[in-house]
Number of protein chains: 2
Amino acid sequence: MRTHERVLAQIEADLRSGKWGLGERLPGERALAEQLGVSRPSVREAIRILEAMGIVRTAVGSGPTSGATVIDRPAAGLGAAVRLHVASGTLAVSDVVATRTLLESWAAREAATRIGAPDATEPPVPAAEHQYLDEAWRLLGAMDDPGLSVAEFIERDQDFHLQLARMAGNQLVEAIMTGMRSAVGSYVTAGAERLPTWGTTAARLSAEHRTILDAIGSGDADTAEKLVREHIQGFYRETGLDGT
Amino acid sequence: MRTHERVLAQIEADLRSGKWGLGERLPGERALAEQLGVSRPSVREAIRILEAMGIVRTAVGSGPTSGATVIDRPAAGLGAAVRLHVASGTLAVSDVVATRTLLESWAAREAATRIGAPDATEPPVPAAEHQYLDEAWRLLGAMDDPGLSVAEFIERDQDFHLQLARMAGNQLVEAIMTGMRSAVGSYVTAGAERLPTWGTTAARLSAEHRTILDAIGSGDADTAEKLVREHIQGFYRETGLDGT
DNA sequence: TAGCCCATGTGGACCGACCACAGGTAGGAT
DNA sequence: ATCCTACCTGTGGTCGGTCCACATGGGCTA
């Protein structure tokens, strides 16, 4: 096993054992190198990987915010992986779109179910779903601004859709959605900008968003799932990003 | 922007432009460093990330297999990201299980649909689905060996389930499934080994596998999806990995 | 002609140094 | 006593160079 892999394995074991929790700082690179009996470059390579995976963030300087801090950004690693493989041609954008449709229509169903029948088994955040729902409505209002550029509209649209994923309460699904967003966001914006009738499309998307939120808010899982699927598929078909 | 990030961005751009395709080799670390006007450690850090993401593989020595070669292992990066975040406590195993259930039941539906109504729009691999189906049946036969240990059985079980995902023809879904497998495989094996009545469970799983393959083979999408969902949920409920 | 051996190119690992940066702190000015 | 400034210190960022292990392949030798 290569040196940086040993370092990585050690840090992963320490994470698993709870030695370092969220928000805490790893020892400095020099200290870590000495503790593990390896050189500083090897430690740095391991930390680079952790950083790319969204496990830590690094900062120079001194004080409590400097050094390598444990964070929780699963979407960073997932997004980078998807983005790089789309770049290399391994992953087709159409596959990403299909996966997004799948995950998000499921999320809508799940969200509607949770809203409709509040799960009493989650005491820490009893009304979290409604909080997310309110935030979604707020984002929806922000999209009505006629002065928005295409890119700005898409930005808010993605925020809205991310909010839907969040309502399902599955962090992995949320992370995958966020990752895919960062991976293919530029393709989506480019596709939207090519549309000659963008104004019409934007209005239709907003209207659909409202029907989706209504369905979720009233706990109608079947309708919510169906609407989301048609909403996403319709947009990608229109922009030609669905692989056809 | 940090130096290794510039290197990474450059390589990603080159990948996107098709400068280096699958199976080709990147220039050597020394050459790359000189071309980009950076030091070798910076190049190495960038390559480390690409390696962790499953974009390249590195090998020492000389000859055509040495150096950094472009590969396509999206599951490597996705798996590492999921595994590390499970280790750090960000992602719950139950969320991973839920996501797996979601993706795989969709894959079963998709596979059955494809088998039932062969898609003539994919000329390169006309009978790929049937090929995968045959392979799945073969794996199923290998699981009947009564001399298998729990770990060996689970290993084949995961291969079987991966085969299902493959039949859906979505590389991202397949990669996510593979990644999740590597991320939580040890939890699954540990859970299975705790079961007092493993022999009974194994026999039931095998029987369910057969009904699933039958449903897919006959193009019955609804049944295939339902069976897979119940199959997975049943197993995780039995082993207590579903979060309850 | 067959076999061996070493030149060569590759990544792997390390060392030591210097830099930029941000906090914290001690000192001086008011 | 208070505030401000200048410096000290610890942090990651970057670099150049060195040496090593390894695998190949071609040239040399028997």
Side-chain angles (χ1 to χ4, degrees), chain A residues 1-11 14-15 19-20 22-71 73 76-77 80, chain B residues 1-12 14-15 19-71 73 76-77 80:
Chain A
M1 186 182 279
R2 291 175 294 182
T3 307
H4 79 270
E5 289 175 325
R6 281 198 293 126
V7 177
L8 208 46
Q10 182 59 54
I11 295 178
D14 288 342
L15 282 172
K19 186 169 177 179
W20 301 311
L22 193 60
E24 292 184 75
R25 291 164 61 198
L26 266 54
E29 295 179 354
R30 295 168 180 82
L32 217 40
E34 195 176 358
Q35 284 174 27
L36 302 175
V38 301
S39 69
R40 198 176 152 212
S42 295
V43 169
R44 283 178 64 78
E45 289 179 7
I47 291 180
R48 278 284 169 276
I49 294 174
L50 291 173
E51 199 182 14
M53 293 296 176
I55 294 287
V56 303
R57 108 183 127 65
T58 61
V60 295
S62 75
T65 64
S66 68
T69 309
V70 178
I71 59 175
R73 295 277 177 276
Chain B
M1 185 180 281
R2 291 175 292 181
T3 308
H4 79 270
E5 289 175 324
R6 282 198 293 124
V7 176
L8 209 46
Q10 183 60 53
I11 295 178
E12 183 176 343
D14 288 342
L15 282 173
K19 186 171 177 179
W20 300 310
L22 192 62
E24 291 185 78
R25 291 164 60 198
L26 265 57
E29 295 179 353
R30 294 166 181 84
L32 218 40
E34 195 177 356
Q35 283 174 29
L36 302 175
V38 303
S39 69
R40 202 176 146 210
S42 295
V43 170
R44 284 178 64 80
E45 288 180 8
I47 290 182
R48 278 284 171 274
I49 294 175
L50 292 173
E51 201 181 10
M53 293 296 176
I55 294 286
V56 303
R57 104 183 130 66
T58 61
V60 295
S62 75
T65 64
S66 68
T69 308
V70 178
I71 59 175
R73 297 276 176 277

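Predicted, not measured: the structure shown is a model, and the values here were computed from it. Per chain, numbering begins at 1; letters A, B, ... match sequence-line order.
Here dT11(D) presents its C1' atom at 13 Å from CG of L26(A), a figure rounded to the nearest Å. As a whole-Å value, the separation of E29(B) CD from dC15(D) P is 14 Å. Here the C1' atom of nucleotide dG13(D) and the CZ atom of R57(A) are 16 Å apart, to the nearest Å. Per the geometry, CG belonging to L36(B) stands 13 Å off P belonging to dT14(D), to the nearest Å. Distance M1(B) CE to dG13(D) P: 14 Å, rounded to the nearest Å. In this structure, CZ of R25(B) is placed 15 Å from P of dA23(D), rounded to the nearest angstrom.
Here the side chain of R25(B) pairs a donor or acceptor atom with the backbone of S66(B) at under 3.5 angstrom.
Applying the side-chain contact (heavy atoms from CB on, under 4.5 Å) rule to S39(A) yields the partners P41(A), S42(A); only residues at least two apart in sequence or on another chain are considered. Scanning for salt bridge (Lys or Arg N to Asp or Glu O under 4.0 Å) contacts around R73(A) gives an empty result, with sequence neighbours left out. With sequence neighbours excluded, the residues satisfying salt bridge (Lys or Arg N to Asp or Glu O under 4.0 Å) with E5(B) are R2(B). When the side-chain contact (heavy atoms from CB on, under 4.5 Å) test is applied to A31(B), the partners found at least two apart in sequence or on another chain are P27(B), Q35(B). The side-chain contact (heavy atoms from CB on, under 4.5 Å) check on Q10(A) picks up D14(A), L36(A), with sequence neighbours excluded. Among residues two or more places apart in sequence or in another chain, the side-chain contact (heavy atoms from CB on, under 4.5 Å) test is passed with L8(B) by A46(B), I49(B), L50(B).
Direction change of the helix axis from one end of the helix from dT1(C)-dA30(D) to dT30(C)-dA1(D) to the other is 20°, with five pairs defining each end axis (rounded to 10°).
The shortest heavy-atom contact between L22(A) and I71(A) is CD1-C, 3.4 Å. Nearest heavy atoms, L26(A) versus W20(A): CD1-CE3, 3.9 Å. Scanning all heavy atoms of the two residues, the minimum distance from G54(B) to A76(B) falls at CA-CB, 3.9 Å. Nearest approach of T65(B) to R57(B), heavy atoms of both residues: O-NH1, 3.5 Å.
Position along DNA chain D of the nearest nucleotide to T65(B) versus G61(A) favours G61(A) as the more 5'-ward residue. Projected onto DNA chain C by closest heavy-atom contact, P41(B) and G63(A) fall at different nucleotides, the more 5' of which corresponds to P41(B).
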Atom pairs, protein N/O to nucleotides 3-9 of chain D N/O, distance under 3.5 Å:
none

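Of the charged side-chain nitrogens involved, none lies within less than 4.0 Å of a carboxylate oxygen, so that E45(B) and R48(B) do not count as a salt-bridged pair.
For the side-chain hydrogen bond (donor to acceptor under 3.5 Å, both in side chains) with T58(B), the lone residue among E51(B), E29(B), R44(B) that qualifies is E51(B).
Nucleotides of DNA chain C lying under 4.0 Å from heavy atoms of chain A occupy a range whose first and last members, 5' to 3', are dG12(C) to dG24(C).
Side-chain contact between I11(B) and L32(B) is present, with heavy atoms from C-beta onward closer than 4.5 Å.
Atom CE of M1(A) sits about 9.0 Å away from atom CZ of R6(A), to the nearest 0.5 Å.
Residues from residues 42-55 of chain A placing a heavy atom under 4.0 Å of any atom in DNA chain C, listed by number, are S42(A). Annotation: proximity of residues 2-10 of chain B to DNA chain C (heavy atom, distance under 4.0 Å) is found for no residue.
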